[in-house]
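Input: a single structure, listed below in structure tokens.
Quick note: numbers below take in every heavy atom, side chains included, and nothing from hydrogens, waters or symmetry partners.
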Amino acid sequence: MIAASALNEQIFERVEALPEKEKREVLDFIEFLRIREDRTFIEYVNARTQAAIQARQRGEHFTSLDELQQEYA
């Protein structure tokens with residue numbers, strides 16, 4: 001536990017010293033890491049991407065990112 005605590009403290013100190021813009025980038029990266037690990041989400045995005053490409057090739061409606069996000073939620 002001590003090692004984890006020391007690591008947490010190092011992370012907090014380094015992030016705290018960053019400018020606001022870079023702090024937002026850190027948060028975005030943390031979110032990316034969480035999403036990346038969600039295999040279900042990755043599989044869903046891949047399947048929907050293929051379906052959208054095929055629909056577009058057939059001249060059908062091309063699903064927007066907003067529509068995909070609403071459907072997933």
Side-chain angles (χ1 to χ4, degrees):
M1 278 304 225
I2 295 173
S5 178
L7 180 61
N8 285 341
E9 195 163 319
Q10 281 184 330
I11 291 169
F12 292 139
E13 287 173 0
R14 290 183 182 187
V15 170
E16 190 174 48
L18 293 173
E20 191 70 25
K21 181 181 178 193
E22 290 178 5
K23 287 178 183 177
R24 292 183 195 281
E25 290 176 12
V26 169
L27 284 176
D28 289 344
F29 183 70
I30 290 169
E31 189 61 28
F32 164 76
L33 291 175
R34 287 183 177 169
I35 290 172
R36 186 183 71 179
E37 293 175 1
D38 185 353
R39 196 76 206 145
T40 303
F41 178 74
I42 293 168
E43 291 170 0
Y44 169 79
V45 170
N46 289 338
R48 292 299 293 141
T49 299
Q50 286 302 315
I53 290 170
Q54 291 169 358
R56 186 174 189 189
Q57 289 171 344
R58 292 189 304 266
E60 297 173 5
H61 176 71
F62 186 78
T63 307
S64 72
L65 178 59
D66 288 336
E67 291 169 323
L68 287 175
Q69 288 174 331
Q70 289 174 0
E71 182 181 311
Y72 184 74

Self-check item: Listed partners of R14 passing side chain to side chain contact (heavy atoms under 4.5 Å, CB included), at least two apart
Solution: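 Expected list: none.
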Quiz prompt | Contacts of E9 that satisfy side chain to side chain contact (heavy atoms under 4.5 Å, CB included) - sequence neighbours left out | solution =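 E9 satisfies side chain to side chain contact (heavy atoms under 4.5 Å, CB included) with E13 once adjacent residues are dropped.
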Can you list, pair by pair, the side-chain donor-acceptor contacts under 3.5 Å of residues 15-22, counting residues two or more places apart and other chains?
none

Quiz item: From L27 CG over to F32 CZ, what is the distance, rounded to the nearest 0.5 angstrom?
Solution: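 Here the interatomic distance stands at 15.0 Å.
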Quiz item: Testing Q57, R58, R56 for side chain to side chain contact (heavy atoms under 4.5 Å, CB included) with E60, which one passes?
Solution: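 The residue from Q57, R58, R56 that satisfies side chain to side chain contact (heavy atoms under 4.5 Å, CB included) with E60 turns out to be R58.
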